[in-house]
Amino acid sequence: MGKTKIGMVGGGLASFMGPIHRQAIEKVGTLQLACGAFGSTRQSSFDCQEPYGLDVHDVFGSYRDMLRRQARLPAEERVSFITTILPNTMHYPVAMMAMDCGIPVLAEKPFTCNMDEAANLARKAKATGVPYRIALVYPAYSMLLKARKFFKDGVLGRIRRFHVSMQTGWM
C-alpha cells in the first residue's frame with residue numbers, strides 16, 4: 001500500500017513552521033508531500049520545488065491554482081487532504097476553497113480569526129461533508145508534559161497564578 005498523499009499550503013523555505021511540519025510528515029512514515037503552494041509569492045513557492053523533492057508540475061504559484069488542479073484530478077490521483085501552514089488570516093479562505101473543491105483540510109490552529117468565520121466554516125463542512133480537522137498539539141510539548149508531571153507529583157507546591165506566553169518570530 002502506498003503512502004497517503006498530502007498537499008501543503010504555506011510552509012515555504014522562509015517559514016518558521018514549515019520545516020517542523022515537513023519533518024513531522026516524514027517521521028509519520030505513511031505520508032507523502034505530493035504538492036504544494038508554499039509561498040506568498042509565486043517565486044517563493046517555486047523555490048521549494050527542488051529542496052522538497054517535488055516535480056515542477058506539483059508546485060503551484062497560489063493555493064487557488066493548486067486546489068483547482070486537484071479538484072480536476074480523478075479521485076485516486078488527488079491528495080487525500082491538504083495541510084495549512086499559514087498566517088492566521090489565511091486559514092479561513094484556504095479552508096473554504098478546499099472544501100468547495102471537495103478536498104479535506106488538516107489545519108494548524110487557529111480555526112479562524114473570528115466567530116463569524118468559524119460559524120461559516122462549520123456550516124461549510126456540514127453542508128459539503130468534506131472533513132475539516134484542526135491539529136492542536138500543545139499537549140505533546142515537552143515543557144507541558146514536564147509541567148504536568150511536576151503538578152501531579154506535587155513538586156510545584158500550591159499554584160496561585162501562572163502565565164503562559166509563546167513568542168515566535170513575527171507573531
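What you see is a predicted model, and the numbers here were worked out from it, not measured in a lab. The chain is numbered in sequence order, starting from 1. Scope of the values below: all heavy atoms of this structure, side chains included, with no hydrogens, waters or symmetry mates.
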Between Ser45 and Val59, is a side-chain contact (heavy atoms from CB on, under 4.5 Å) present by the stated rule, with each step listed?
CA-CA 7 Å; Ser45 188; Val59 178; 3.8 Å; yes
Side-chain heavy-atom pair Val155, Lys149 within 4.5 angstrom cut-off:
no
Donor-acceptor pair, Lys5 side chain versus Leu31 backbone, under 3.5 Å?
no
Greater than 12 external heavy atoms within 6.0 Å of Glu50's CD
no
Taken to the nearest 0.5 Å, the spacing of Asp58 CG from Met66 CE works out to 10.5 Å
Test your reading of the model: is there a side-chain donor-acceptor pair from Thr84 to the backbone of Leu86, 3.5 Å cut-off?
no
Do Leu121 and Met99 come close enough that some side-chain heavy atom pair is under 4.5 Å?
yes
Could you walk me through whether Asn114 and Tyr92 pass side-chain hydrogen bond (donor to acceptor under 3.5 Å, both in side chains), step by step?
CA-CA 10 Å; Asn114 61 58; Tyr92 175 74; over 6 Å; no
Extract all donor-acceptor atom pairs below 3.5 Å that involve side chains of residues 10-20 and protein atoms in other chains or at least two apart in sequence.
residue, atom, partner, partner atom, Å
Ser15, OG, Met17, N, 3.3
Ser15, OG, Gly18, N, 2.8

For Ala71, does its backbone N or O pair with a side-chain atom of Arg78 as donor and acceptor, under 3.5 Å?
yes
Output the distance between atom CD1 (Ile134) and atom NE2 (His91), rounded to the nearest 0.5 Å.
9.5 Å
Any sub-3.5 Å donor-acceptor pair from Gln32's side-chain atoms to Thr4's backbone N or O?
no
For the residue pair Phe151 and Ile159, establish whether any side-chain heavy-atom pair is separated by less than 4.5 Å.
yes
Under 3.5 Å donor-acceptor, Gln70 side chain and Ile103 backbone
no
Check Arg42 with Asp47, please: is the shortest side-chain N to carboxylate O separation under 4.0 Å?
no
Are the side chain of Arg69 and the backbone of His57 linked by a donor-acceptor contact shorter than 3.5 Å?
yes
Roughly how far, to the nearest 0.5 Å, is CZ of Arg123 from OG1 of Thr128?
13.0 Å
How long is the span from the CG atom in Asp153 to the CZ atom in Arg148, to the nearest 0.5 Å?
12.5 Å
Note: Val56 and Phe46 closest approach over all heavy atoms is O-CE2, 4.3 Å
Could you go through the side-chain contact (heavy atoms from CB on, under 4.5 Å) check for Arg22 and Leu33 one step at a time?
CA-CA 8 Å; Arg22 285 189 312 280; Leu33 181 59; 4.2 Å; yes
Taking the side chain as C-beta and beyond, is there a heavy-atom pair between Met8 and Ile82 under 4.5 Å?
no
Rounded to the nearest 0.5 Å, how far apart are CD1 of Ile6 and CG of Leu106?
8.0 Å
Yes or no on side-chain contact (heavy atoms from CB on, under 4.5 Å) for Glu117 and Met96, after CA distance, side-chain angles and deciding distance?
CA-CA 10 Å; Glu117 290 177 353; Met96 290 294 278; over 6 Å; no
Can you tell me how far apart CZ (Phe60) and SG (Cys35) are? Round to the nearest 0.5 Å.
5.5 Å
Do Tyr52 and Phe38 have ring centroids that are under 6.0 Å from one another?
yes
Please report the shortest heavy-atom distance between Pro93 and Met90, naming the atom on each side.
CD-O, 3.3 Å
